[in-house]
Amino acid sequence: MKLKHITDLASLSDPAIGDVDITGLTSDSRKAERGYLFAALKGSRADGSVFAADAVSRGAVAIIAAHDAEIGAPGVPVIRVEDPRRALALAAAAFYEKQPEMMVAVTGTSGKTSVASFTRQIWADAGFPAANIGTTGVFSPTRSAYGSLTTPDPVELHRLLRELADEGVTHAAMEASSHGLDQRRLDGVKLAAGAFTNLGRDHMDYHPTIDDYLAAKLRLFDTLLPKGAPAIIFADDEFSQQAIAAARAAGNEVLTVGRKGTFLALKRVEHERFRQHAEVKIGADIYEVSLPLAGDFQVANALVSAGLAMATGVPAAAAMRALERLRGAPGRLDLVGATEDGAPAYVDYAHKPDALENVLTSVRPFTTGRVIVVFGCGGDRDTGKRPMMGEIATRLADVVIVTDDNPRSEVPAAIRAEIMAAAPGALEIGDRRLAIRTAVEMMKAGDTLIVAGKGHEEGQIIGDVTHPFSDHAEIALALKERLK
Ligand SMILES: CC(=O)N[C@H]1[C@@H](OP(=O)(O)OP(=O)(O)OC[C@H]2O[C@@H](n3ccc(=O)[nH]c3=O)[C@H](O)[C@@H]2O)O[C@H](CO)[C@@H](O)[C@@H]1O[C@H](C)C(=O)N[C@@H](C)C(=O)N[C@H](CCC(=O)O)C(=O)O
């Protein structure tokens, strides 16, 4: 494809450059191949401009760079732009040409994975070939693949969107992480609607303040959603007013859901073991919905998803019917099994304070015995959440076992000590396998076990080695051994 077809001619200092043929794009010089366009991005560890010569030696034929970047690659055209990350995202969208016709994105600290998954399920129920993309991977009529980033890199993302469109997927829901929004990964995605779930403490290692974190989330409305497009906002969160104000200021159509919502107004919820019955008012109609999911936060996620689906062509009655058949996203309050006397054991991805609070609160209504929680905190990540999670677990669970998560380069015992300092009475068992076994062995009738933090992950990162490890498999094994 000619360079002029993937980047705005106005940004090409010499229009003749427009005729250069491009065979691919990358922001990682190590992935550059013959005919590639290389984007030199300023990163947290390195400045991509120093790798321009490497990219050219591997075949790159043009470079996107900031106005002030020094590019030591003579003879290769350099396209100077204000924001290379945004330019790369737009170039990737143009290069891969097609994306599913109806794209939506959801942001918020918690609930993104569930909302993206539920939205896909509601669309699929209504007959649309649908996909969701995020932390747990890519799910579509033909795929269920595990991924790594919540919001993929723009080049990878647009390659994927093109493949999905070619496979006939018309509707796709994406998770928009604050990193992804901040790093412009979504800037080339043509969104039909967006959603905001909530804001809590997370990624304070990346964002200097909570305001900076909120501002990154609100880029979804400020800069990505076209004017007039629906913005579905969960109205019961403490930050919902800021989200509503940002969406209004950006000219989006604000549609609120929840107890304080007006588009989907939640009138009543009754909890039952593993199910919840909700009364939802939509316009003049009242719908009684029986959700096969536990937890107040799942009702919120289901309503946000129904809002997104309705904003993109699913009739209200069909969306409400689909909610009755929802399945939890992998690793989100995922029921692994139960003891011989029916005490359930769940895996949950909760690895941040508000998510831990949500999951522990949500199992309380159907737990007649004790809530037992096993969790730890990741290394090389926001350290401020460690005491907060220790405090939450102590307040909301009856038995707390502090173990290792992904310690990465940190000393595991030091991470545990930071949690333990806020969790008096907690049991400390560093070995995650042993911690899970101990918890399963202590379960009695009426108890509920939550193993939190790693969800669907299939490895534990110690140092820079990922050891095979699955909470799901460990719980299943321990339950089986109990029966012997
Ligand atoms: C901290 C962070 O977000 N890093 C992202 C960032 O990398 P960076 O800018 O820090 O990269 P860098 O190492 O400083 O290098 C700068 C540039 O030089 C390039 N380079 C580097 C070396 C070389 O030999 N040649 C070369 O060209 C790099 O490719 C990069 O473009 O920009 C890269 C390109 O877009 C991302 O791939 C990378 O995500 C890394 C892999 C990552 O782990 N990100 C996580 C933290 C993340 O984004 N998580 C969120 C949220 C998850 C959640 O909600 O829990 C997500 O959306 O997944």
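When a ligand or atom number is given, it counts from 1 through the structure's own listing order. Numbers here simply count residues along the sequence, with the first being 1. What you are looking at is a predicted structure, and each value in this text was computed from that prediction instead of being measured.
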Engineer: My understanding is that we take every heavy atom of each candidate and find the minimum distance to atom 37 (O) of ligand 1. Doing that for D153, T109, T135, which one comes out nearest?
Structural biologist: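 It is D153 whose heavy atom sits nearest to atom 37 (O) of ligand 1.
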
Engineer: Salt bridge check: are R143 and E163 linked by an N-O gap of less than 4.0 Å?
Structural biologist: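 Looking at R143 and E163, the cut-off is met.
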
Engineer: Just which atoms of ligand 1 are under 4.0 Å from any heavy atom in L41?
Structural biologist: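 Near L41, meaning under 4.0 Å from one of its heavy atoms, ligand 1 has 16 (C), 17 (C), 31 (O).
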
Engineer: May I ask you to list the atoms of ligand 1 that are less than 4.0 angstrom from any heavy atom of T151?
Structural biologist: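 Near T151, the atoms of ligand 1 are 56 (C), 57 (O), 58 (O).
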
Engineer: Give a yes or no on whether a salt bridge exists between R386 and E410, defined as a side-chain N under 4.0 angstrom from a carboxylate O.
Structural biologist: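 Looking at R386 and E410, the cut-off is met.
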
Engineer: Once rounded to the nearest 0.5 Å, what's the spacing between atom NE2 of H179 and atom OG1 of T150?
Structural biologist: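 Reported value, rounded in 0.5 Å steps: 9.0 Å.
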
Engineer: Could an N or O of ligand 1 be found under 3.5 Å from any N or O of F38, whether backbone or side chain?
Structural biologist: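 Between F38 and ligand 1, no N or O pair is found under 3.5 Å apart.
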
Engineer: Who gets closest to atom 51 (C) of ligand 1 by heavy atom: R184, H179, R85?
Structural biologist: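 Ranked by closest heavy atom to atom 51 (C) of ligand 1, first place is H179.
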
Engineer: Pick whichever of G180, S177, A32, S49 has a heavy atom sitting closest to atom 57 (O) of ligand 1.
Structural biologist: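 Shortest heavy-atom distance from atom 57 (O) of ligand 1: S177.
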
Engineer: So that I can tick it off, tell me whether D348 and R332 are bridged by a salt bridge, with the cut-off set at under 4.0 angstrom between side-chain N and carboxylate O.
Structural biologist: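 Not counted as a salt bridge, because no side-chain N and carboxylate O are separated by less than 4.0 Å.
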
Engineer: Can you sort out which atoms of ligand 1 are near S44, meaning under 4.0 Å from one of its heavy atoms?
Structural biologist: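 Near S44, meaning under 4.0 Å from one of its heavy atoms, ligand 1 has 8 (P), 9 (O), 10 (O), 14 (O).
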
Engineer: Would you tell me whether T135 and E175 have side-chain atoms, one donor and one acceptor, within less than 3.5 Å of each other?
Structural biologist: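 On atom types as modelled, these side chains qualify, holding a pair under 3.5 Å.
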
Engineer: If you measure from atom 43 (O) of ligand 1 to every heavy atom of D182, L149, V155, which option wins on shortest distance?
Structural biologist: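 Shortest heavy-atom distance from atom 43 (O) of ligand 1: L149.
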
Engineer: When you measure from the side chain of N198 to the backbone N and O of D237, does any donor-acceptor pair fall under 3.5 Å?
Structural biologist: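 Not a single qualifying donor-acceptor pair exists.
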
Engineer: Polar-atom distance check: Q183 versus ligand 1, any N or O pair below 3.5 Å?
Structural biologist: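 In this structure, Q183 places an N or O atom under 3.5 Å from an N or O of ligand 1.
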
Engineer: Below 30° counts as parallel, above 60° as perpendicular, anything between as tilted: where do the rings of H171 and W123 land?
Structural biologist: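 Rings of H171 and W123: perpendicular, as their planes differ by over 60°.
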
Engineer: What I want to know is whether R185 and ligand 1 share at least one N or O pair that is separated by under 3.5 angstrom.
Structural biologist: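 R185 vs ligand 1: N/O contact under 3.5 Å present.
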
Engineer: Can you tell whether the side chains of D182 and R219 come within less than 4.0 Å, N to carboxylate O?
Structural biologist: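 Not counted as a salt bridge, because no side-chain N and carboxylate O are separated by less than 4.0 Å.
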
Engineer: K42 versus ligand 1: do any nitrogen or oxygen atoms come within less than 3.5 Å of each other?
Structural biologist: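 N/O-N/O distance under 3.5 Å: no.
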
Engineer: Indicate whether any N or O donor in one side chain lies under 3.5 Å from an N or O acceptor in the other, for S49 and D47.
Structural biologist: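 Result is yes, a qualifying pair exists.
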
Engineer: Once you restrict to heavy atoms under 4.0 Å, what part of R45 touches ligand 1? Side chain, backbone, both or neither.
Structural biologist: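 Under 4.0 Å from ligand 1, R45 contributes backbone and side-chain atoms.
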
Engineer: Which atoms of ligand 1 are found less than 4.0 Å from any heavy atom of S29?
Structural biologist: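 Within the 4.0 Å cut-off of S29, ligand 1 contributes 23 (C), 24 (O), 25 (N), 26 (C), 27 (O).
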
